[in-house]
Amino acid sequence: MVFSLKSGEQEGTFCMGDDIPALVTDHGGSIWTAYGDEGIYGGHPESAAGLAGWSTEGQATWAPEGRLPDAPLEGCTAATEGDRVWLVWYSGSRRGGTFLTRITPSTGEVTSWPSPVRDPDGFAVRGHRAVLTRRVHNQRATEVVRAELAGDTWSVTDRRKMRVPGRVVMRCGQGRDGFLWLRAGNTWLRIEA
């Protein structure tokens, strides 16, 4: 459902598929999704590609079309950086791994890198710096990992466990222009990349 920011009234509805663990909107209002395995293999045509871009009217505007290093199995998190969108996902093949995929909608450019963190639940990026998080299951803590892009590789520069005001909610970490917004209990934390 799409709601008006001014009136709060519903403006439209459309279907983007099933099992969407990661969703983010860009500055132009387009919607970007990374699907889970039940969506990808569940027979819903909108979910089958694993990653997708949508207009605010529900029209498919972007699909991977063979530009990924492997086939997605599960979306982890998503972020924006200026006019770029980042989708973080992992594959299910033997060579597998977790990937950071940057999409530039204006040019169609798609670039993917192996992630320095396996299955992160939060991600934000600014330039060549990134912050990724992994919640500590059933505890009021999260692992905060800082990384830098040098050449073609993201390398960890700092890793620490951070106590937070409440349990980190699964799939509630999204990056916006260099800041990670992470939900912990009833609090939103802002972590700079």
Side-chain angles (χ1 to χ4, degrees), residues 1-91 98-113 115 119-126 130-133 168-183 188 190-191 193:
M1 291 185 213
V2 179
F3 292 92
S4 166
L5 288 175
K6 293 180 182 178
S7 69
E9 299 293 320
Q10 182 178 325
E11 293 181 342
T13 62
F14 50 87
C15 180
M16 296 185 301
D18 290 332
D19 191 13
I20 304 173
L23 180 145
V24 69
T25 57
D26 64 23
H27 290 281
S30 294
I31 304 163
W32 298 85
T33 52
Y35 296 91
D37 61 343
E38 291 175 12
I40 295 168
Y41 298 106
H44 202 292
E46 281 83 0
S47 310
L51 307 178
W54 303 89
S55 72
T56 56
E57 293 80 31
Q59 300 299 313
T61 59
W62 181 87
E65 298 171 347
R67 296 177 284 182
L68 300 175
D70 206 349
L73 178 64
E74 184 77 27
C76 299
T77 185
T80 60
E81 178 197 23
D83 67 341
R84 294 177 174 162
V85 174
W86 292 75
L87 297 174
V88 181
W89 54 278
Y90 64 85
S91 70
T98 303
F99 297 91
L100 311 176
T101 296
R102 182 183 68 201
I103 304 156
T104 308
S106 61
T107 64
E109 179 186 2
V110 177
T111 308
S112 296
W113 295 269
S115 174
D119 309 335
D121 56 23
F123 172 75
V125 63
R126 177 171 286 144
V131 62
L132 301 100
T133 56
V168 175
V169 177
M170 194 169 176
R171 309 276 187 235
C172 279
Q174 292 194 0
R176 286 281 191 203
D177 295 323
F179 292 97
L180 173 62
W181 294 90
L182 184 68
R183 184 169 168 209
W188 283 93
R190 186 176 90 159
I191 304 169

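Sequential numbering from 1 along the given sequence is applied to the chain's residues. Because only heavy atoms are used, hydrogens play no part in the values below, and waters and symmetry mates are left out as well, while side chains stay in.
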Exercise. Who passes ring-ring contact (aromatic ring centres under 6.0 Å, His included) against W54, sequence neighbours left out?
Worked result: none
Problem set entry | Salt bridge present between E109 and R84 (N-O < 4.0 angstrom) | no
Exercise. Below 4.5 Å, heavy atoms only, C-beta onward: do T98 and P120 meet side chain to side chain?
Worked result: yes
Exercise. Is any side-chain heavy atom of R190 less than 4.5 Å from a side-chain heavy atom of W181?
Worked result: yes
For this session: For the residue pair W113 and R102, establish whether any side-chain heavy-atom pair is separated by less than 4.5 Å.
Result: yes
Exercise. Taking all non-hydrogen atoms of both residues, which atom of D26 and which atom of G28 are closest, and how far apart?
Worked result: OD1-N, 3.0 Å
Seminar exercise, completed: Interatomic distance, CD1@I31 vs OG1@T25, rounded to 0.5 Å, equals 7.5 Å
Problem set entry | Polar side-chain atom of T104 near backbone of T107 as donor-acceptor pair, under 3.5 Å | no
For this session: Tell me, with the steps shown, if M16 and Y35 meet side-chain contact (heavy atoms from CB on, under 4.5 Å).
Result: CA-CA 10 Å; M16 296 185 301; Y35 296 91; 4.0 Å; yes
Exercise. Heavy atoms, side chains only, cut-off 4.5 Å: are F179 and Q174 in contact?
Worked result: no
Exercise. At what distance, to the nearest 0.5 angstrom, does OG of S30 lie from CD of E57?
Worked result: 8.5 Å
For this session: Could you tell me whether the side chain of R176 reaches within less than 4.5 Å of the side chain of V24, counting heavy atoms only?
Result: yes
For this session: Quick one: closest heavy-atom pair of A193 and A124, and the distance?
Result: CB-O, 3.9 Å
Exercise. In Å, rounded to the nearest 0.5 Å, how long is the span from CZ of R67 to OG1 of T101?
Worked result: 10.5 Å
Problem set entry | Nearest non-hydrogen partners of P21 and G75, listed with the distance | CG-O, 3.4 Å
Problem set entry | Separation between CD of E38 and CD1 of I20, rounded to the nearest 0.5 Å | 13.0 Å
Seminar exercise, completed: Sequence neighbours excluded, the answer for ring-ring contact (aromatic ring centres under 6.0 Å, His included) partners of F99 is W89
Exercise. Quick one: does R183's side chain have a donor or acceptor within less than 3.5 Å of a partner on G173's backbone?
Worked result: no
For this session: State, with a plain yes or no, whether a side-chain heavy atom of H44 is found less than 4.5 Å away from one of C15.
Result: yes
For this session: Go through the steps for D177 and T80 under the test side-chain contact (heavy atoms from CB on, under 4.5 Å), then give the verdict.
Result: CA-CA 6 Å; D177 295 323; T80 60; 4.0 Å; yes
For this session: Mind running side-chain contact (heavy atoms from CB on, under 4.5 Å) on V2 and T56 for me, showing each step along the way?
Result: CA-CA 8 Å; V2 179; T56 56; 5.5 Å; no
Exercise. With side chains defined as the heavy atoms from C-beta onward, is the minimum distance between I191 and V131 less than 4.5 Å?
Worked result: yes
For this session: Under the side chain to side chain contact (heavy atoms under 4.5 Å, CB included) rule, collect the residues that match up with D37, sequence neighbours excluded.
Result: D19, Y41, L73, E74
For this session: Over all heavy atoms of both residues, which pair between D18 and S47 is shortest? Give the atoms and the distance, please.
Result: N-OG, 2.8 Å
Exercise. Going from CG on L87 to OG1 on T77, what distance comes out if it is rounded to the nearest 0.5 angstrom?
Worked result: 9.5 Å
Problem set entry | Side chain S55, main chain Q59, donor-acceptor under 3.5 Å | yes
For this session: Take L132 and L100 through the side-chain contact (heavy atoms from CB on, under 4.5 Å) test and state the conclusion after the steps.
Result: CA-CA 11 Å; L132 301 100; L100 311 176; 4.2 Å; yes
Exercise. Hey, what's the ring geometry for W86 with F123, parallel, tilted or perpendicular (30° and 60° as the breaks)?
Worked result: tilted
Problem set entry | Side chains of W32 and L23 in contact at under 4.5 Å (non-hydrogen atoms) | no
Exercise. Do you know the tightest heavy-atom contact between C76 and D119?
Worked result: SG-CA, 4.0 Å
For this session: Please report the shortest heavy-atom distance between A71 and S91, naming the atom on each side.
Result: O-CB, 3.2 Å
For this session: Calculate, to the nearest 0.5 Å, the distance between atoms OH and CG belonging to Y90 and D70 respectively.
Result: 13.0 Å
